[in-house]
Novice: 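Sharing a structure with you now.
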Amino acid sequence: MLSRVTQLRPSLSKLLFYPPSRFVSNTKSSGAAASSVVPELHHAAKPVEHGEVSPYVKNPDYHGFSSDPVVDEWNMRIAFFFGISVALVIGGTFIHYLPDHGMRQWARREAERLILQREKAGLPLIEENYYDPNTILQPTAEES
């Protein structure tokens with residue numbers, strides 16, 4: 001995890017120490033897009049009384065689940081409860097009980113067991129040779 005953070009360090013330092021710049025052109029541009037004068041202001045059109053009304057006008061606390069305000073609020077509460085609370089609890093429990101990745105815990109237990117076994121037998125913890133030299137078959141002088 002720490003190695004990933006150190007990989008992001010150069011880009012983070014650029015963002016933190018160099019604030020975003022605003023580029024403004026100093027050349028004169030031609031056309032209507034460059035005009036800064038508004039020739040005439042128009043009054044807003046009067047809202048038409050017929051047609052579809054926004055759900056936000058009917059219910060200012062509209063969450064997008066239902067047009068009825070009471071049902072909308074309950075659906076929002078249920079969706080957030082199951083979507084966030086239950087997902088966090090079940091997801092966290094699932095991640096906690098995942099099997100040992102890379103068998104690190106098993107390797108530690110096995111090493112501790114072998115150390116105790118060698119200490120009881122009076123053997124050194126690590127032998128000079130990894131393999132028993134008597135069991136290794138070496139080529140004879142004639143073969144090499």
Side-chain angles (χ1 to χ4, degrees), residues 1-139 143:
M1 179 70 181
L2 185 60
S3 65
R4 290 183 183 170
V5 173
T6 57
Q7 291 173 356
L8 294 174
R9 185 173 176 260
S11 60
L12 286 176
S13 63
K14 288 179 185 176
L15 290 174
L16 295 175
F17 296 118
Y18 300 113
S21 301
R22 184 171 178 186
F23 300 104
V24 179
S25 174
N26 292 330
T27 60
K28 293 182 180 181
S29 60
S30 61
S35 176
S36 61
V37 179
V38 178
E40 154 181 355
L41 295 176
H42 298 285
H43 295 288
K46 294 181 182 178
V48 181
E49 297 299 324
H50 64 282
E52 189 173 324
V53 179
S54 171
Y56 294 105
V57 173
K58 295 179 190 175
N59 179 12
D61 296 329
Y62 181 68
H63 301 289
F65 292 100
S66 176
S67 59
D68 182 18
V70 176
V71 174
D72 184 53
E73 186 173 354
W74 274 103
N75 285 341
M76 182 268 306
R77 288 179 180 174
I78 290 170
F80 272 83
F81 175 75
F82 285 109
I84 294 175
S85 301
V86 172
L88 287 176
V89 171
I90 293 174
T93 305
F94 176 76
I95 290 172
H96 178 73
Y97 286 106
L98 280 175
D100 182 22
H101 181 71
M103 297 183 67
R104 290 183 183 95
Q105 293 173 354
W106 174 85
R108 173 75 184 230
R109 288 192 311 265
E110 184 68 15
E112 290 172 356
R113 187 187 65 79
L114 287 174
I115 288 173
L116 290 175
Q117 181 182 5
R118 288 183 166 270
E119 285 177 348
K120 287 179 184 176
L123 298 172
L125 297 180
I126 299 175
E127 293 184 3
E128 183 179 321
N129 297 316
Y130 186 76
Y131 293 106
D132 184 17
N134 299 328
T135 61
I136 297 175
L137 298 175
Q138 296 182 351
E143 293 176 1

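Just so you know, these numbers come straight off a predicted model, no measurement behind them. Note that these values count all heavy atoms, side chains included, but never hydrogens, waters or copies made by symmetry.
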Novice: Going by the side-chain hydrogen bond (donor to acceptor under 3.5 Å, both in side chains) test, which pairs reach into residues 70-83, not counting sequence neighbours?
Specialist: E73-R77
Novice: Can you establish whether the number of heavy atoms outside I126 located under 6.0 Å from its atom CD1 is more than 12?
Specialist: no
Novice: Is it the case that the side chain of R118 and the backbone of L123 share a donor-acceptor pair, with hydrogens and angles ignored and the cut-off at 3.5 Å?
Specialist: no
Novice: I need the Q117 CD to L125 CG distance, nearest 0.5 Å.
Specialist: 12.0 Å
Novice: What are the two closest non-hydrogen atoms of T135 and D132, and how far apart are they?
Specialist: OG1-O, 2.8 Å
Novice: Please tabulate, for side-chain N and O atoms in residues 80-98, each donor-acceptor pair with protein atoms closer than 3.5 Å (sequence neighbours left out).
Specialist:
{"residue": "T93", "atom": "OG1", "partner": "V89", "partner atom": "O", "Å": "2.7"}

Novice: Counting only N and O atoms by type, is there a donor-acceptor contact under 3.5 Å from the side chain of D100 to the main-chain atoms of R104?
Specialist: yes
Novice: Any side-chain heavy atom of R113 sitting closer than 4.5 Å to one from R109?
Specialist: no
Novice: With a 3.5 Å cut-off and sequence neighbours excluded, list the donor-acceptor pairs that the side chains of residues 60-71 form with protein atoms.
Specialist:
{"residue": "H63", "atom": "NE2", "partner": "D61", "partner atom": "O", "Å": "3.1"}
{"residue": "S66", "atom": "OG", "partner": "D68", "partner atom": "N", "Å": "3.3"}

Novice: Does atom CD of E119 have more than 12 heavy-atom neighbours, drawn from other residues, nucleotides or ligands, at distances under 6.0 Å?
Specialist: yes
Novice: Does CD in Q138 sit with more than 12 non-hydrogen atoms of other residues, nucleotides or ligands closer than 6.0 Å?
Specialist: no
